[in-house]
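Residue indices begin at 1 and follow the sequence shown.
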Amino acid sequence: MLNNLIKKGILSPEEADLIKQGESNQPFSVRWELMTLLYLGVILLNIGLGTLIYEHIDTIGHSVIIALIAALCGACFWYAVKHQKAFSWAYVGSPTPYFDYILLLGCFSFLILEGYLQYQYQFFGTRYGLATFIPTVLFFGLAYWFDHRGVLSLAIVALSSWVGITVTPRTLFANNDFHSQTLVITGVALGLILGAAALVSRKKDWKQHFDFSYLNFSIHLLMVSSLAGIIVLEQPLFYFPVLIGAAYLSYVEARAHDSLYFLIVSLLYGYIGVTYLIFKAISANDSMFYFLYFILTCGLVIWFLYNFKRILKDTPNDSI
């Protein structure tokens, strides 16, 4: 680029050298590396606390452990309330460098506290739906109140657990039999609901930056559920169109936001579904057929990924 500008006489060699020096001396951002380490630190802290409690439960006592977990959870939420910014439907940045991680620690601590109470004292009895409904409501409220996408992800996971427990007969869990039409349809329905939530968030500008979290879970739920319907329930006529529709939605998002992630997601799930149906339809025992098939399709996948920029060209550079 600089050489072309020099040849055209737009830049002098001295000016080009100054630009090269400026580019080489630019500071390198380690923001995402630090954020990853901090999030990992929060998770490892919770794992360490759980291990410590497990190893010394006889000497510490259940009441003391519950009080310590509750105190940690309350302290984290108190810190979040004390330092929160005014609520807005637009993006609200973190008021302090450690705000997001402390709030996330509080949410994990709440889950540990709830699980400990259920395990030790059967606090919720057999009302497992209630045990998942409470964190669902709490985490959705905290996610919107404090504008935290990590907590929103926890809320969506809790919602998925609550819906799965609510619609699934208890005997299904007791017998470890998950060949359930109801469970698969529920996954598809929940995926559609989360996709609708992403659309509303985007169109209404209600925490518009939350649309990625909703859409990410939506696409994965739709595709996993449709693959389960195709492979486990053996109902491709109904679930294969769902799989193709979800893959197309992921492809459209990839095009709209220049996102390699959604492009790979659509390719991966679509490849699994199409490959399964081809093998099931042909039922060939010739190993050479399978060998040639995987060689050919892997070559096409490599070409597809190698030319992904050409596929995503002429799209806004606003990656999700």
Quiz prompt | Neighbour count above 12 (heavy atom, 6.0 Å) for Tyr261 OH | solution = yes
Self-check item: Taking every non-hydrogen atom, the tightest pair across Leu154 and Cys107
Solution: CD1-CB, 3.9 Å
Practice problem: With sequence neighbours left out, write down each residue that passes side-chain hydrogen bond (donor to acceptor under 3.5 Å, both in side chains) with Gln235, or none if nothing qualifies. | Solution: Gln181
Quiz item: Quick one: are Leu72 and Cys76 in side-chain contact, heavy atoms under 4.5 Å?
Solution: yes
Practice problem: Please determine, by modelled atom types, if Tyr271 and Thr297 share a side-chain donor-acceptor pair under 3.5 angstrom. | Solution: yes
Practice problem: For the pair Tyr248 and Tyr251, name the ring-plane relationship: parallel under 30°, tilted 30 to 60°, perpendicular over 60°. | Solution: tilted
Quiz item: With a 4.5 Å limit on heavy-atom distance, are the side chains of Phe146 and Val151 in contact?
Solution: no
Quiz item: Roughly how far, to the nearest 0.5 Å, is CG of Leu192 from CG of Leu199?
Solution: 12.0 Å
Quiz prompt | Check: Phe77 and Leu103 side chains under 4.5 Å, non-hydrogen atoms | solution = yes
Practice problem: Could you check if a side-chain atom of Trp145 sits within less than 4.5 angstrom of a side-chain atom of Leu142, using non-hydrogen atoms only? | Solution: yes
Quiz item: Is there a path from Ile102 to Trp78 through hydrophobic residues (I, L, V, M, F, W, Y) whose side chains come within less than 4.5 Å of each other?
Solution: yes
Self-check item: Ser225 side chain vs Leu222 backbone, donor-acceptor pair below 3.5 Å
Solution: no
Quiz item: How long is the gap from OG on Ser161 to CD1 on Ile156, to the nearest 0.5 Å?
Solution: 12.0 Å
Quiz item: So do Lys204 and Trp89 actually touch side chain to side chain, heavy atoms under 4.5 Å?
Solution: no
Exercise. Keeping the roles fixed (side chain from Ser218, backbone from Gly191), state whether a donor-acceptor pair exists under 3.5 Å.
Key: yes
Quiz item: Is there side-chain contact between Ile219 and Tyr269, with at least one heavy-atom pair below 4.5 Å?
Solution: no
Quiz prompt | Verdict with supporting geometry, Tyr239 and Val184, side chain to side chain contact (heavy atoms under 4.5 Å, CB included) | solution = CA-CA 10 Å; Tyr239 289 104; Val184 175; 3.6 Å; yes
Quiz item: Atom CG of Asn216 and atom CG of Leu221: how far apart are they, to the nearest 0.5 Å?
Solution: 10.0 Å
Self-check item: Donor-acceptor pair, side chain of Thr132 and main chain of Ala158, under 3.5 angstrom
Solution: no
Quiz item: For Ala197, does its backbone N or O pair with a side-chain atom of Ser201 as donor and acceptor, under 3.5 Å?
Solution: no
Quiz item: Any side-chain heavy atom of Met223 within less than 4.5 Å of one from Val265?
Solution: yes
Practice problem: Hey, could you give me each pair passing salt bridge (Lys or Arg N to Asp or Glu O under 4.0 Å) that has a residue in residues 144-155? Not counting sequence neighbours. | Solution: Asp147-Lys207
Quiz prompt | Nearest non-hydrogen partners of Asp211 and Gln208, listed with the distance | solution = OD1-O, 2.9 Å
Quiz prompt | Closest contact, heavy atoms only, Pro135 versus Ala131 | solution = CD-O, 3.0 Å
Exercise. Applying ring pair (Phe, Tyr, Trp, His ring centres under 6.0 Å), name anything that partners Phe217, two or more places apart in sequence or on another chain.
Key: none
Quiz item: What distance do Ile69 atom CD1 and Phe110 atom CZ have between them, rounded to the nearest 0.5 Å?
Solution: 12.0 Å
Self-check item: Hydrophobic cluster identity match, Val81 and Leu104, side-chain contacts under 4.5 Å
Solution: yes
Practice problem: Locate the shortest heavy-atom distance separating Gly106 from Cys73; write the atom from each residue and the value. | Solution: O-SG, 3.5 Å
Exercise. For a ring pair (Phe, Tyr, Trp, His ring centres under 6.0 Å) with Tyr144, tell me which candidate from Phe210, Phe87, Phe139 qualifies.
Key: Phe210
Practice problem: Could you walk me through whether Thr96 and Tyr79 pass the side-chain hydrogen bond (donor to acceptor under 3.5 Å, both in side chains) test, one step at a time? | Solution: CA-CA 10 Å; Thr96 68; Tyr79 178 89; 2.9 Å; yes
Quiz prompt | Least distance between heavy atoms, Phe240 atom then Ile230 atom | solution = CA-CD1, 3.7 Å
Quiz item: Hey, any chance Tyr101 and Val92 share a hydrophobic cluster, counting ILVMFWY side chains that come within less than 4.5 Å of each other, even indirectly?
Solution: no
Exercise. Using side-chain contact (heavy atoms from CB on, under 4.5 Å) as the criterion, list what pairs up with Ile193, not counting sequence neighbours.
Key: none
Quiz item: Which residue pairs satisfy the salt bridge (Lys or Arg N to Asp or Glu O under 4.0 Å) criterion with at least one member in residues 227-245, sequence neighbours excluded?
Solution: none
Quiz item: Under 4.5 Å between side-chain heavy atoms, hopping through other hydrophobics if needed: is there a path connecting Ile278 to Leu243?
Solution: yes
Quiz item: Would Leu227 end up clustered with Phe279 when hydrophobic side chains under 4.5 Å apart are linked, directly or stepwise?
Solution: yes
Self-check item: Criterion side chain to side chain contact (heavy atoms under 4.5 Å, CB included) on Leu105 and Tyr98, from CA distance to verdict
Solution: CA-CA 11 Å; Leu105 177 61; Tyr98 308 106; over 6 Å; no
Quiz item: From Gln118 CD over to Leu113 CG, what is the distance, rounded to the nearest 0.5 angstrom?
Solution: 12.0 Å
Practice problem: Grab the two heavy atoms, one from Leu263 and one from Ser266, that are nearest each other, plus how far apart they are. | Solution: O-OG, 2.8 Å
Quiz prompt | Non-neighbouring partners of Pro241 that pass side-chain contact (heavy atoms from CB on, under 4.5 Å), sequence neighbours left out | solution = none
Exercise. Please test Tyr91 against His209 for ring-ring contact (aromatic ring centres under 6.0 Å, His included), starting from the C-alpha separation and ending with a verdict.
Key: CA-CA 7 Å; Tyr91 173 74; His209 49 289; 5.1 Å; yes
Quiz item: In this structure, are over 12 heavy atoms from other groups packed under 6.0 Å from Trp206 atom CH2?
Solution: no
Quiz item: When rounded to the nearest 0.5 angstrom, what distance separates CD1 in Ile185 from CG in Leu190?
Solution: 13.5 Å
Quiz item: Within a strict 4.5 Å, meaning less than it, do heavy atoms of the Phe140 and Leu152 side chains meet?
Solution: yes
